Amino acid sequence: MNAPTTAPDARGATGKTADARQRATLTDYCASIGADPLLVQGAGGNASWKDGATLWVKASGTWLAEARRRDIFVPVDLAHLRAAVAAGQLDVAPRPLGEGGLRPSIETLLHALMPQPVVLHLHAVELLAQLVRPGFAERLRALAEAEQGAAGPLPPWLALAYHKPGLPLARAVADGLRRQPDTQIVFLQNHGVVIGAADAGAVDALLRRLLWLCATPPRPPVPVPAPVAVDMDAPAPTPPRASDGRPMAPVPDDGVQQLALDPQLFERLARDWAICPDHVVFLGAAPRRHDSAADFHTAQAACRHAPWPELLFIRAAGVYMADGFSAAKLAQLRCYYDVLARQDEHRPLTVLDQAQLAELLDWDAEKYRVALSR
Ligand SMILES: [Zn+2]
């Protein structure tokens, strides 16, 4: 299954045609899955294909959804990465080929380590909903065993504990692949999945099988409270105000609003916030959560140096955002709701601990990615 190692300019017309086909198919595939918020959130997730000694990998900060509108792939020197991996130098910096100015994905090494020609890494909601549950590996094993029938067993897979994306995660994946070199699926605790196969079609077939295997029905939404009859003598309920005194806007997503309206989800905000790296990198280490807008303003006034929140959860009232709350952040927030809505209300989740949060939030590569987001 290893990709050929001939240099790109020595492959001849057949190699070029195969590469063009791989690129066209994968571009279409990325655009289609990128449009599904249950599979891809904003700039999250990445894809790659190997073409001889070149690895084409999604550029950091670009969106899979834009694959047809702009060139989101960066060519990097695969032979260089493989030589470094063979020498045990997993901290190697990928060497981009050609010009373009975009950085290769922070997960480039993950793609180089997987031996298959096409590799997809996603934070798909149905999978993430399993990967935040304690004992997820045993649960996946039981699901996979129960499911194998006509489709046969799943291809070789691994389930890894949480590691910070980048070098620590690459090390864990490299160790796993040493133990089981024909691995095609890697489940990453509190993170997502990596799938490798011959082409986009084969990757998609595996992804669909995993989604079906892991699917959990979301809890039904609680009804949105009906507007109260206008009482001219009663003060109108006021939304929380931003730092400039103007009202904060409700987040325009009915699912996200459930995080404040559904009492079970509102309680979960406090204890089950840090479910995965992208969530924390885009939305911060802890939520701002208050019982009322008045309670929020009292707390804010009591601590003059407290930064004004970009995102605010008010119990039973709504979820509010400040001006400039980006589409990338909104996509992360929606993902958070989708994952929480798939949990049994009585079961705790595995969340990132303080040390894991600290290493994530002081990370230059992630700051670059957030700066590129919009
Ligand atoms: Zn990831």
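In each ligand, atom 1 is the first atom listed, and ligand 1 is the first ligand listed. These numbers come from a predicted model, not from an experiment.
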- Check the pair T216, R133 against side chain to side chain donor-acceptor pair (under 3.5 Å), reporting the backbone distance first and the verdict last. CA-CA 12 Å; T216 316; R133 295 176 193 161; 3.2 Å; yes
- side-chain contact (heavy atoms from CB on, under 4.5 Å) between Q300 and R288: does it pass, once the steps are laid out? CA-CA 11 Å; Q300 200 66 17; R288 287 293 299 272; 2.8 Å; yes
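In summary, R246 and D323 engage in a salt bridge, as defined by a charged side-chain N under 4.0 Å from a carboxylate O. Here R23 pairs with D71 in a salt bridge; the nearest charged N to carboxylate O distance falls below 4.0 Å.
Scanning for ring-ring contact (aromatic ring centres under 6.0 Å, His included) contacts around W273 gives H279, F313, Y336, with sequence neighbours left out.
Below 30°, between 30° and 60°, or above 60°: for H191 and H123 the angle between ring planes is between 30° and 60°, a tilted geometry.
Excluding waters, the set of protein N, O or S atoms lying under 2.8 Å from the Zn ion (ligand 1) comprises H121 NE2, H123 NE2, H191 NE2.
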